[in-house]
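See below for the structure under consideration.
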Amino acid sequence: MPDPVTPRKRGPQALAARNDQALIEAARHVFTTLGFDAPVSAVAEYAGVGMGSLYRRYRTKQELLQQLCVDSMERVAAAARAGLAHEDPWQGLASYIRQCVAFGFGILAPLAGAIDVTPEMRQANQQAQHLADELTARAHRAGVLRTDVTTMDISLLIGQFSRTTPPPPGHSEEEIRSRLLAIALDGLKVHSNDPLPGKPPNAERYQALWDT
């Protein structure tokens with residue numbers, strides 16, 4: 001997934017930005033593999049920096065998790081923009097879903113309502129949600145997405161595929177995930193008259209967790 005577009009930095013500012021991004025990527029890896037209870041010392045070790053360097057940038061673990069959320073939401077927004085730039089509405093939506101799954105955005109779901117929401121988190125979330133809604137609406141207008149599929153359905157689908165499970169013998173995790181995701185994407189298309197079971201998930205209640 002492409003990184004969010006940011007102004008080019010030089011000199012000490014560029015070095016600080018690279019070091020900060022290294023910490024965020026280390027945090028993403030550590031918390032994905034070890035869970036959110038993992039100590040920040042594991043993040044510093046994986047990033048190859050001392051605890052002093054980490055604490056100079058993030059005074060608490062919560063601040064690190066908050067920035068991880070902002071970074072992840074900005075990446076999701078970038079994927080949505082790329083999807084909207086695609087000429088084909090279906091391919092744009094499918095590309096967005098694949099990028100979010102590959103990025104593992106769904107792993108952040110347990111943090112919703114579990115950490116304090118900063119203004120930066122709220123703004124990044126609203127932007128990502130707005131762009132995702134545009135992707136879904138465009139696919140609906142083009143008649144390529146089931147009319148009863150919502151943006152929240154797609155978000156939850158991404159979350160399900162972001163979880164890692166041991167692959168069967170002789171297959172890689174990426175191979176199995178790609179295969180099952182292709183099946184799921186086909187199920188989103190307009191080619192079935194059977195209604196989806198149950199009520200659509202309540203997006204407002206979920207989004208409220210990132211707004212308060």
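These values consider heavy atoms only, across backbone and side chains, with no hydrogens, waters or symmetry-generated copies. These numbers were taken from a predicted model, which means no experiment stands behind them.
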Does any donor atom in the side chain of [X] or [Y] lie under 3.5 Å from an acceptor atom in the other side chain?
X	Y	result
Ser41	Glu45	no
Ser72	Arg75	no
Asp153	Thr150	yes

Would you say [atom1] of [X] has more than 12 non-hydrogen atoms from neighbouring residues, nucleotides or ligands within 6.0 angstrom?
X	atom1	answer
Glu134	CD	yes
Tyr58	OH	yes
Gln123	CD	no

Do [X] and [Y] come within less than 4.5 Å of each other through their side chains, counting heavy atoms only?
X	Y	value
Gln127	Arg81	yes
Leu188	Leu157	yes
Leu93	Ile97	yes
Met121	Val70	yes
Glu63	Thr60	yes
Leu65	Phe31	yes

Salt-bridge present (Asp71, Arg28; N to O < 4.0 Å): yes
May I have the step-by-step check of side-chain contact (heavy atoms from CB on, under 4.5 Å) for His130 and Gln126, ending in yes or no? CA-CA 6 Å; His130 173 71; Gln126 291 173 350; over 6 Å; no
For the residue pair Leu145 and Ile154, what are the closest heavy atoms and their distance? CD2-CD1, 4.5 Å
